[in-house]
S.K.: 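Questions regarding the structure given below will be posed in turn.
Quantities reported herein were computed from a predicted structural model and do not represent experimental measurements.
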Amino acid sequence: LRTARGRNSWEYHDLFRICGQATGITMPSETQRIDAALTHLAAQGETAAQIADTAVQTWHEIHTALSPVIGPRGVQALYRRTLYLTRSTHPWLASGRETPEPDDYADLRAALAQQTSAVAVAAHGALLHHFFDLLTSLIGGSLTERLLRSVWDRLPSGDAAQDTTP
C-alpha cells in the first residue's frame with residue numbers, strides 16, 4: 001500500500017478492505033457506511049490532526065447515543081475493550097491514563113494526531129469496526145444499528161455513504 005499522498009481511490013478501498021479482513025469483520029450496511037465515510041475522509045486530504053478531531057467528535061457522539069442506554073461507564077468499558085482489540089494492529093494506541101473519565105478521548109486524539117493521515121484513518125476505522133462488532137455481539141445487529149444510526153448519519157461522507165434502503 002502506498003501512503004495517502006497518492007490519493008487514488010483504490011488505495012483507500014484496499015486499505016479498508018485489508019483492515020476489515022484483518023479484524024474478521026463482515027460487511028452489513030452499517031459497516032459499509034463506516035467504510036464509505038472513512039474513504040471520503042481520507043480522500044479529502046485532511047491532516048492527521050483533523051482526522052483526530054473528527055474521530056474524537058465521533059466518539060463523543062457514540063457516547064451521547066449509548067450513555068442513556070448502558071450508562072457512561074458501560075460506554076467507557078466498551079471503548080476500553082475496543083482499544084485493547086485494536087492495539088493488535090495499531091500498537092501505538094497506548095492505553096494512556098489508566099482510568100480516563102467517561103467521554104474523555106484526549107489520549108485518542110493525541111495518538112491519532114501523531115500518525116500519518118492514512119494511518120490515522122485506518123486506526124479510526126479499526127476502532128469503529130471493533131466497537132460495532134463488540135456491541136453487535138452483545139445486543140444484536142438490529143439494536144446496534146438503531147442505537148448508532150444518528151452517529152453514522154453524521155459521519156462525513158460522500159454520496160457513497162448515503163443510506164439507500166427504503
Side-chain angles (χ1 to χ4, degrees), residues 1-66 75-76 78-97 100-135 148-163:
L1 286 178
R2 288 187 281 174
T3 63
R5 293 180 196 158
R7 291 200 177 94
N8 293 327
S9 61
W10 65 267
E11 291 174 296
Y12 298 109
H13 174 73
D14 287 347
L15 178 69
F16 298 116
R17 181 181 50 78
I18 290 167
C19 178
Q21 287 175 347
T23 58
I25 295 170
T26 58
M27 295 295 291
S29 64
E30 295 304 317
T31 58
Q32 288 173 341
R33 291 175 75 188
I34 293 168
D35 284 345
L38 293 168
T39 300
H40 178 75
L41 181 63
Q44 294 301 306
E46 305 279 332
T47 66
Q50 291 168 317
I51 292 165
D53 289 338
T54 299
V56 167
Q57 178 184 350
T58 301
W59 285 102
H60 282 296
E61 290 172 3
I62 289 170
H63 180 88
T64 300
L66 293 179
V75 177
Q76 179 187 34
L78 289 173
Y79 175 72
R80 289 176 57 118
R81 177 67 180 159
T82 297
L83 275 177
Y84 174 80
L85 294 170
T86 306
R87 280 190 207 112
S88 66
T89 54
H90 302 282
W92 47 267
L93 284 170
S95 61
R97 289 168 282 160
E101 290 299 312
D103 201 25
D104 178 6
Y105 304 102
D107 291 339
L108 174 64
R109 191 210 178 284
L112 291 174
Q114 293 175 359
Q115 306 304 312
T116 65
S117 295
V119 171
V121 168
H124 178 43
L127 285 164
L128 290 175
H129 282 296
H130 280 293
F131 188 84
F132 184 83
D133 282 353
L134 181 60
L135 189 59
L148 295 179
R149 181 158 305 171
S150 65
V151 175
W152 305 148
D153 287 346
R154 286 192 286 268
L155 285 174
S157 62
D159 291 338
Q162 296 297 320
D163 187 6

S.K.: The criterion is side-chain hydrogen bond (donor to acceptor under 3.5 Å, both in side chains); which residues satisfy it with Q114, sequence neighbours excluded?
M.R.: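 Partners of Q114 under the side-chain hydrogen bond (donor to acceptor under 3.5 Å, both in side chains) test: none.
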S.K.: At their closest point, which heavy atom of A123 faces which heavy atom of T86, and how far apart are they?
M.R.: O-CG2, 4.3 Å
S.K.: Look up atom CD in E46 and atom OG in S117, then write down how far apart they are to the nearest 0.5 Å.
M.R.: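 Reported to 0.5 Å precision, the distance equals 8.0 Å.
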S.K.: Would you call D53 and R109 a side-chain contact if the rule is heavy atoms closer than 4.5 Å?
M.R.: yes
S.K.: About how many Å separate CD of Q76 and CG of D104, when rounded to the nearest 0.5 Å?
M.R.: 9.0 Å
S.K.: Checking side chain to side chain contact (heavy atoms under 4.5 Å, CB included) between W59 and each of T64, L128, T54, which is the one that passes?
M.R.: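 Among T64, L128, T54, the one meeting side chain to side chain contact (heavy atoms under 4.5 Å, CB included) with W59 is L128.
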S.K.: Got T82 and F132 here, is their nearest side-chain heavy-atom distance under 4.5 Å?
M.R.: no
S.K.: Which pair of heavy atoms, one from I51 and one from A120, lies closest together, and at what distance?
M.R.: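 So the minimum-distance heavy-atom pair works out to CG2-CB, 3.9 Å.
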S.K.: Who are the side-chain contact (heavy atoms from CB on, under 4.5 Å) partners of T47, not counting sequence neighbours?
M.R.: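 T47: side-chain contact (heavy atoms from CB on, under 4.5 Å) contacts with A49, Q50.
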S.K.: Is H124 close to T58 at the side-chain level, that is, under 4.5 Å between some pair of heavy atoms?
M.R.: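 Side chain of T58 against side chain of H124, heavy atoms only: contact under 4.5 Å found.
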S.K.: With heavy-atom distances below 4.5 Å as the criterion, would you say the side chains of L134 and Y79 are in contact?
M.R.: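 Side-chain contact under 4.5 Å: no.
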S.K.: May I ask you to test the L135-L148 pair for a side-chain heavy-atom distance under 4.5 Å?
M.R.: yes
S.K.: Can you name the side-chain contact (heavy atoms from CB on, under 4.5 Å) partners of V75, sequence neighbours left out?
M.R.: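 Only H63, L66, S67, I70, Y105 meet the side-chain contact (heavy atoms from CB on, under 4.5 Å) criterion with V75.
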S.K.: Please find the pair of heavy atoms, one from A48 and one from A113, that lie closest to each other, and give the distance.
M.R.: CB-O, 3.7 Å
S.K.: Can you tell me how far apart CD1 (I62) and CZ (F131) are? Round to the nearest 0.5 Å.
M.R.: 5.5 Å
S.K.: Would L112 and V119 count as a side-chain contact (heavy atoms from CB on, under 4.5 Å) here? Give the steps.
M.R.: CA-CA 8 Å; L112 291 174; V119 171; over 6 Å; no
S.K.: Output, in order, the C-alpha distance, side-chain angles, deciding distance and verdict of side-chain contact (heavy atoms from CB on, under 4.5 Å) for L93 and D107.
M.R.: CA-CA 9 Å; L93 284 170; D107 291 339; over 6 Å; no
S.K.: Please enumerate all residues that pass side-chain contact (heavy atoms from CB on, under 4.5 Å) together with L85, with sequence neighbours excluded.
M.R.: R81, H130
